[in-house]
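To start, the structure itself, in structure tokens.
Throughout, protein chains are lettered first and strands after them, A, B, ... in sequence-line order, and every chain is numbered starting at 1.
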Amino acid sequence: MHKLLLSAVAAALGLALAAAPAAAQTPEKIKQRGVLVVGTKPDYKPFGFRDPSGAIVGFEPDIARLVADKLGVKLELEPVVSSNRMQFLQQGKIDLMIATMNDKPDRRQIVGIIEPLYYASGVNVLANKKANLKSWEQLKDQKVCAIQGAWYNKPVAEKYGADIVAFKGQTEAEVALQQGNCIGWVYDDTAFAERLADPKWSGFEMTLPTILEEPWGLAVPLPERDGPWGKFMAQQLEDWHRTGKLIELEKKWNIPASAFLKKMHEQYSKKGS
Amino acid sequence: MTLVVIDLHPLWDWFRVLNESTGIKLTIFYDAFDRARFFNSFLTSVRLMGICLVASVVIGVVGAWIQGSKLRVLRLFTQGYIQFFRNTPPLVQLYFFYFALGSYLKITGANGIAVPLVSNFTWAAICLSFYAGAFNVEIFRAGIEAVPRETLEAAESLGYSRLKAYAYVILPLAFRISLPALNNNLVNLIKTTTIAYAIAVPEMLYVANQIWSDESNVPEMMNVLLIVYVALVGLLVWVMGRWERALTIPGYSPA
């Protein structure tokens with residue numbers, strides 16, 4: 001009886017649950033097609049943002065270009081957001097996803113996260129100076145701006161009792177914070193460094209200790225993870241860490257030097273020699 | 001006296017078993033945090049719908065009455081209101097009110113930070129009520145115009161003032177004629193409340209979006225949303241249908 005009920009519910013949900021099989025991808029197939037489609041973020045300065053001409057540029061598009069150049073194909077950047085990027089990969093709309101995604105066990109069941117990982121960031125709060133924020137506990141029952149779909153919205157709400165007010169994109173969260181709709185904005189610490197240098201944000205500060213530090217992974221469709229395409233990307237990542245290519249890109253985009261990249265560079269340059 | 005406590009744990013746990021055996025991940029049942037936030041979002045949605053339904057009908061009735069006013073200024077004002085709210089997308093209105101207008105209406109809150117006077121929920125309620133209200137004015141106007149002029153003349157000859165004739169003779173008849181169209185618009189209003197997620201009102205779509213981002217259970221949450229909205233719209237349609245039948249005048253409109 002138990003089984004029967006389960007299968008009835010399974011059948012009811014089955015229609016929507018049937019995942020579309022992603023087309024098998026190999027470096028050869030991409031070369032034949034002549035185009036590499038990479039999902040990147042258009043609203044995460046300086047990791048991925050639109051320049052005045054509308055093109056997506058930044059740290060991650062540069063990584064995507066490294067891959068396209070290696071394959072000798074044209075690069076096509078597909079803008080994605082946190083809440084749809086994994087589906088884009090599952091549906092085969094993109095070959096590769098480099099979209100500031102943290103490496104999480106449940107995400108590994110959906111997309112093929114490639115090791116070694118390429119970056120790491122933590123969570124912090126850009127707060128109004130007048131809020132005088134000194135500890136995470138002060139966020140209890142306070143309105144805190146956030147981005148819809150960010151994985152740390154739940155732990156911050158659960159652990160510190162913050163009242164998360166999440167918006168679609170960075171611009172909305174920014175405006176909401178500046179208008180006083182929330183006392184602070186909880187987000188990746190890497191995204192705040194550049195803002196704090198801007199006089200527009202002089203009334204704001206980042207005083208809390210960074211929490212929930214997590215590495216970022218780029219991903220290929222799950223069935224490709226251990227196939228030729230996944231292995232090709234893993235090899236690229238090792239090369240970039242060994243040669244210090246990623247540290248170079250970090251400098252190019254004025255991102256504060258991360259301890260993670262330094263550590264990876266040391267680790268892989270030792271391996272290489 | 002014995003207090004009856006229904007222990008829902010076995011039921012909640014059944015969904016955990018469902019996940020483990022089939023991969024259908026309905027955390028809104030077995031995860032206490034997700035359950036609480038989804039239930040709260042349901043209440044928020046229902047509250048928003050309730051407020052907007054009532055307010056938009058009131059706006060429709062009052063607006064239609066003002067439209068027939070002898071004062072040109074009042075008529076022009078109503079016309080302007082209808083054109084503004086009917087002819088712009090509700091999402092654009094929400095953004096306009098919350099981000100543009102909201103930035104001027106401020107008070108000083110705790111810590112001396114200037115905080116908005118009007119909350120995002122209130123803006124959503126205001127905006128959606130006026131949006132649906134604009135359509136309701138036109139719907140009621142159509143109903144009023146369908147009432148034979150002779151009926152109004154008969155009411156006036158019996159000594160009814162304009163307001164009284166509107167309230168006791170025209171509106172009850174016009175209302176019956178308007179009901180099918182009103183029904184349509186209110187169903188639409190219920191569905192449109194989902195756009196409040198754009199200004200971070202924690203209604204169902206907003207919370208479902210956050211849950212499927214946290215738990216990677218997009219298809220499950222999409223199904224849950226679909227079922228809940230079908231149920232809510234179904235309930236409204238059923239109530240409106242009952243009301244329509246209850247208001248039928250034998251011989252005036254087909255039953």
Atom pair NZ (Lys143(A)) and OG (Ser119(B)), whose distance is rounded to the nearest 0.5 Å:
6.5 Å
Roughly how far, to the nearest 0.5 Å, is the CD atom of Gln179(A) from the CG atom of Leu105(B)?
10.5 Å
Name, in order of residue number, those residues of residues 162-174 of chain A that have a heavy atom at a distance of less than 4.5 Å from a heavy atom in chain B; otherwise write 'none'.
Ile164(A), Val165(A), Ala166(A), Phe167(A), Lys168(A), Glu172(A)
Given heavy-atom pairs under 4.5 angstrom as the criterion, report whether the side chain, backbone, both or neither of [X] touches chain B.
X: Gln178(A); value: backbone
X: Ala150(A); value: backbone
X: Asn181(A); value: both

Turns out that what part of Tyr95(B) lies under 4.5 Å from chain A's heavy atoms comes down to side chain
Taken in chain and number order and not counting sequence neighbours, the residues that satisfy side-chain hydrogen bond (donor to acceptor under 3.5 Å, both in side chains) with Lys41(A) are Ser82(A), Thr100(A)
Does a sphere of radius 6.0 Å around [atom1] in [X] hold more than 12 heavy atoms from other residues, nucleotides or ligands, not counting ones at 6.0 Å or beyond?
X: Phe121(B); atom1: CZ; result: yes
X: Phe130(B); atom1: CZ; result: no
X: Lys159(A); atom1: NZ; result: no

Ordered numerically, the heavy-atom neighbours of chain A under 4.5 Å found in residues 200-212 of chain B are Ala200(B), Tyr206(B), Asn209(B), Gln210(B), Trp212(B)
Going by residue number, which parts of residues 27-47 of chain B are within reach of chain A, meaning a heavy-atom gap below 4.5 Å?
Asp31(B), Phe33(B), Asp34(B), Arg37(B)
Which atom names give the shortest non-hydrogen contact between Ser213(B) and Ser83(A), and what distance separates them?
OG-CB, 4.1 Å
